[in-house]
Amino acid sequence: MDRTIRTCEGRTRLGLLRAVGLGAALPALALSLAVAQAAPAAAEGRPAAAPPAAATTAWGAYLSALHASRRKDSGRASAYFETAAPEARNRLRFLILALRSHVLAGRMERATAVARRTVALSGGGPTMARLVLALHAAKQERFGAAQDHLDRIAHDSVMRLLLPLLRAWMSLGRHKDPDLALDEHRDLEEVVQFRPFRLLHRAHLLDVAGRPQRAAEAYAAVTATPAIGSLRVAETRSNFLFRTGDAAAGFETIDRFLAVNPDSMTGRLLRARYEADASVAPPVGSPADGAAEALLNVASALNLADRPEQALPLARLAVWMRPRDAASAFALGTVLDGDGRHRDAIAVFRTIGSGSVYNWEARKSAAAALVELERYDESSAILEKMAAEMPGRFDALWLLGNVHRSRSAFAEAVAAYDRAYERIADIAPRHWNLLYARGIALERSGQWPRAERDFLRALKLNPGQPYVLNYLAYSWVDRGEQLERARGMLEEAVRKRPNDGYIVDSVGWVEYRLGNFEAAVRHLERATELRPHDPIINQHLGDAYWRAGRRHEARFQWRRALWLGPEEAEREKTEERLRNGLPPFRPIRRQ
């Protein structure tokens, strides 16, 4: 059976090596954006397609737009909304949906026009409409008008965090008084999770206001906050230090980040830029930039909280406010990719030029997104070129191994992982996941002794790592080896990840192989609850039902496993089970 995907943390087909996150590395906040609850949609960077003539009636355009939105094609949805009949365009619900599609498609002129109509029609105006109009006013330095729009937004949901940040920046633009602006942050003091945002924007605001001494103290407070250790914070604080003549402290800030993240290419490029005495422009240089930074930070927090559909509008607005900012573009691409909008993500990543410190990670992220589209050759070509450019780095080759593994080219994956491994001078605990990934490829390519050594070494580097415990123990059970040791390892793994369906499945499977069918059924039923759409887990439960004498339930689970679309080899095995059941059980020797 194929455990390549099953055991890679359940996140992406490429497992552990994806692009680094941006924004403040803040607690993952369970936030929701108080905007129109249209179906999630975006086709960032894609030109709006002309809708067919049949959809130009009011209801035809409306239904076509909804369909495009559900397919996450906001470019087409935006076009359908725009061509709807006039009577539809004067309906509030229609306007709210159209506004969201225009924002997600990046058609901000259309979004602004629709926002005005929405406000005029509704009186108060929905949150997204007021937010768009406030940001549009801020771009034009009409900060009083921006404040008026913000004052009409309900102070709930994610706006509890975003509104005080935006109001402070608008106040600074309007009154030029940082203390008056900072008064707008007082609501953030009530929520401990918001403290990092408040500290970070206090530092930015004092910097923009021309209060360098107070800004320095504020930036120091930011970096002293345990919740903040991100690249973005290191970048903005070091930027301030270099601009104000404290290069030593600037290098210390970057070096402290690199000590925790030694493989960060972005951090190393940032340091190299400072070493070259390149001109340093502030990432936040105006109230409008401050608003963009607030949008970026909150979007990043939402994305960390696995809310890409809510992060996406804010990321899109952040890019609108600050279109030449590579950090915002990278964050937008990351959100798009995480939401399954891989073509749009690639287009955004490719806007990040070679002169940006984010270019290396953007290219890796584009290569990973290409794999999701099954464009393996393009992805591999990008990564081979990157590996040749930087012969001292292993990350592009590691990702190349993941690319090969995702298409079941396990021998090629092993070769890429071997090349990556050879580039590491000193194997450290953080490299456990390279050994884990290579172990998977080795096991799948029939090189078990090497695979076993890699798994055991990965556990030595990271003792008790649940995914390594799971894969190694499952492999031992599948081979009829080390059964009691495997059981103990799986029990440890499930204690650490009690809601991981794959690990619970492995616990059930070891009980099955030992002949403990009732215990196997209990664990495997739990595994199917956690991972109901996994064909292998459903097949395992069917096998356990059969051995426990529950034949009708067994056939139901096998049919369900077929319906869920297993790989061809597993499909044939399941069809054989449905025809003939299982042969007599042959217990394996306990070891």
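In what follows, residues are counted from 1 in the order of the sequence shown.
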### Query
Between the main-chain N or O of I352 and the side-chain N or O of S356, is there a donor-acceptor pair closer than 3.5 Å?
no
### Query
Who passes salt bridge (Lys or Arg N to Asp or Glu O under 4.0 Å) against E141, sequence neighbours left out?
none
### Query
Which atoms form the tightest heavy-atom contact between I346 and A369, and what is the distance?
CG1-CB, 3.6 Å
### Task
Apply salt bridge (Lys or Arg N to Asp or Glu O under 4.0 Å) to the pair E372 and R343, showing each step before the final yes or no.
CA-CA 9 Å; E372 302 294 345; R343 288 184 178 82; over 6 Å; no
### Message
Contact between L205 and L182 at the side-chain level, heavy atoms closer than 4.5 Å - yes or no?
### Response
yes
### Residues in ring-ring contact (aromatic ring centres under 6.0 Å, His included) contact with H136, at least two apart in sequence or another chain
none
### Message
Please find the pair of heavy atoms, one from A329 and one from V348, that lie closest to each other, and give the distance.
### Response
O-CG1, 3.1 Å
### Task
Measure from the side-chain N and O atoms of R100 to the backbone N and O of A98, and report whether any donor-acceptor pair falls under 3.5 Å.
no
### Query
What class does the angle between the rings of F394 and W398 fall in, given that below 30° is parallel, 30 to 60° is tilted and above 60° is perpendicular?
parallel
### Task
Please name the pair of heavy atoms, one in G333 and one in A345, separated by the smallest distance, quoted to 0.1 Å.
O-CB, 3.4 Å
### Message
If I compare all heavy atoms of F143 with all of P287, which pair ends up nearest, and what's the gap?
### Response
CE2-CB, 3.8 Å
#### Entry: Test item: P196 and L200 side chains (from C-beta on) under 4.5 Å apart, heavy atoms
no
### Task
Could you tell me whether the side chain of K139 and the main chain of W320 form a donor-acceptor pair under 3.5 Å?
yes
### Message
Please evaluate residues M128 and L317 with respect to the criterion side-chain contact (heavy atoms from CB on, under 4.5 Å), reporting the C-alpha separation (whole Å), side-chain torsions for both, the decisive distance (0.1 Å), and the verdict.
### Response
CA-CA 11 Å; M128 181 58 77; L317 291 169; 4.3 Å; yes
### Query
Going by distance alone, is a donor N or O of one side chain under 3.5 Å from an acceptor N or O of the other, for S328 and D325?
yes
### Message
Would you call the rings of Y358 and F330 parallel, tilted or perpendicular, taking 30° and 60° as the class edges?
### Response
parallel
### Message
Test your reading of the model: is there a side-chain donor-acceptor pair from S101 to the backbone of S78, 3.5 Å cut-off?
### Response
no
#### Entry: Rounded distance (nearest 0.5 Å) linking atom CG of L99 with atom CZ of R107
12.5 Å
### Message
Any heavy-atom pair between the side chains of L295 and R316 that's under 4.5 Å?
### Response
no
### Task
Kindly write out the residues that satisfy salt bridge (Lys or Arg N to Asp or Glu O under 4.0 Å) with E189, not counting sequence neighbours, or none if the list is empty.
none
### Query
Any side-chain heavy-atom pair from L314 and L131 closer than 4.5 angstrom?
yes
### Message
Any side-chain to backbone donor/acceptor pair from S264 onto N261? Under 3.5 Å, distance only.
### Response
no
### Task
Start with the C-alpha distance between L165 and H185, add both sets of side-chain angles, then the distance that settles side-chain contact (heavy atoms from CB on, under 4.5 Å), and finish with yes or no.
CA-CA 7 Å; L165 300 176; H185 285 179; 3.9 Å; yes
### Message
Let's go through V335 and L302 carefully: what are the C-alpha distance in whole Å and the side-chain angles of both, what is the deciding distance for side-chain contact (heavy atoms from CB on, under 4.5 Å) to 0.1 Å, and is it a yes or a no?
### Response
CA-CA 9 Å; V335 175; L302 287 165; over 6 Å; no
### Summary
Heavy atoms of A311 and A299 approach each other most closely as CB-O, 3.3 Å
### Query
Should L97 and S69 count as side-chain neighbours, where that means a heavy-atom distance under 4.5 Å?
no
### Query
Is the closest basic N to carboxylate O distance between D73 and R71 below 4.0 Å?
no
### side-chain contact (heavy atoms from CB on, under 4.5 Å) involving N239 - partner list, sequence neighbours excluded
R243, Y274, V280, P282, P283
### Between NE2 on residue H204 and CG on residue L199, distance to nearest 0.5 Å
11.0 Å
### Task
For the pair D207 and R237, find out whether any cationic side-chain nitrogen is under 4.0 Å from an anionic carboxylate oxygen.
no
### Message
Would you compute the distance between atom CD of E275 and atom CZ of R273 and round it to the nearest 0.5 angstrom?
### Response
12.5 Å
### Message
Could you go through L241 and T253, starting from their C-alpha distance and side-chain angles, then the distance that decides it, and tell me whether this counts as side-chain contact (heavy atoms from CB on, under 4.5 Å)?
### Response
CA-CA 9 Å; L241 291 167; T253 300; 3.5 Å; yes
#### Entry: Non-neighbouring partners of D255 that pass salt bridge (Lys or Arg N to Asp or Glu O under 4.0 Å), sequence neighbours left out
R271
### Task
List for me each residue that meets side-chain contact (heavy atoms from CB on, under 4.5 Å) alongside A366, sequence neighbours excluded, and say none if there are none.
F349
### Message
Once side-chain hydrogen bond (donor to acceptor under 3.5 Å, both in side chains) is applied, do any residues pair with K176, and if so which ones, sequence neighbours excluded?
### Response
none
### Summary
Residues passing the side-chain contact (heavy atoms from CB on, under 4.5 Å) test with H155, sequence neighbours excluded, are R160, L163, P164, R167, D187
### Query
Within a reach of under 6.0 Å around NZ of K385, are more than 12 heavy atoms found that belong to other residues, nucleotides or ligands?
no
### Task
Enter the distance from L104:CG to L312:CG here, rounded to the nearest 0.5 Å.
5.0 Å
### Message
Would you say that M321 contacts D289 through its side chain, given a criterion of any heavy-atom pair below 4.5 Å between the two side chains?
### Response
no
## Note on the structure
To the nearest 0.5 Å, atom CG of L383 lies from atom CZ of R363 at 9.0 Å
### Query
When rounded to the nearest 0.5 angstrom, what distance separates CE in M170 from CG in D151?
12.0 Å
### Query
Are the side chains of Q465 and Y467 in touch, meaning some heavy atoms are under 4.5 Å apart?
yes
### Task
Flag the pair E217 and R214 as a salt bridge only when some basic side-chain nitrogen lies within less than 4.0 angstrom of an acidic carboxylate oxygen.
no
### Query
So, does R152 use its side chain to make a donor-acceptor pair with the main chain of D148 at under 3.5 Å?
yes
### Query
Residues in salt bridge (Lys or Arg N to Asp or Glu O under 4.0 Å) with R198, at least two apart?
none
### Residue list, side-chain hydrogen bond (donor to acceptor under 3.5 Å, both in side chains) with Q147, at least two apart or on another chain
R174
### Task
Taking all non-hydrogen atoms of both residues into account, name the closest pair between L269 and W360 and its distance.
CD1-CB, 4.5 Å
### Message
Please check: side-chain N/O of S74 versus main-chain N/O of A77, any donor-acceptor pairing under 3.5 Å?
### Response
no
### Query
Do the non-hydrogen side-chain atoms of M159 and L162 ever get within less than 4.5 Å of each other?
yes
### Task
Could you walk me through whether H201 and W169 pass side-chain hydrogen bond (donor to acceptor under 3.5 Å, both in side chains), step by step?
CA-CA 9 Å; H201 280 268; W169 285 110; 3.1 Å; yes
### Message
Test of understanding: with side-chain hydrogen bond (donor to acceptor under 3.5 Å, both in side chains), list the residues that count as partners of R375, not counting sequence neighbours.
### Response
E378
### Query
With sequence neighbours excluded, what pairs up with R130 under the side-chain hydrogen bond (donor to acceptor under 3.5 Å, both in side chains) test?
H149
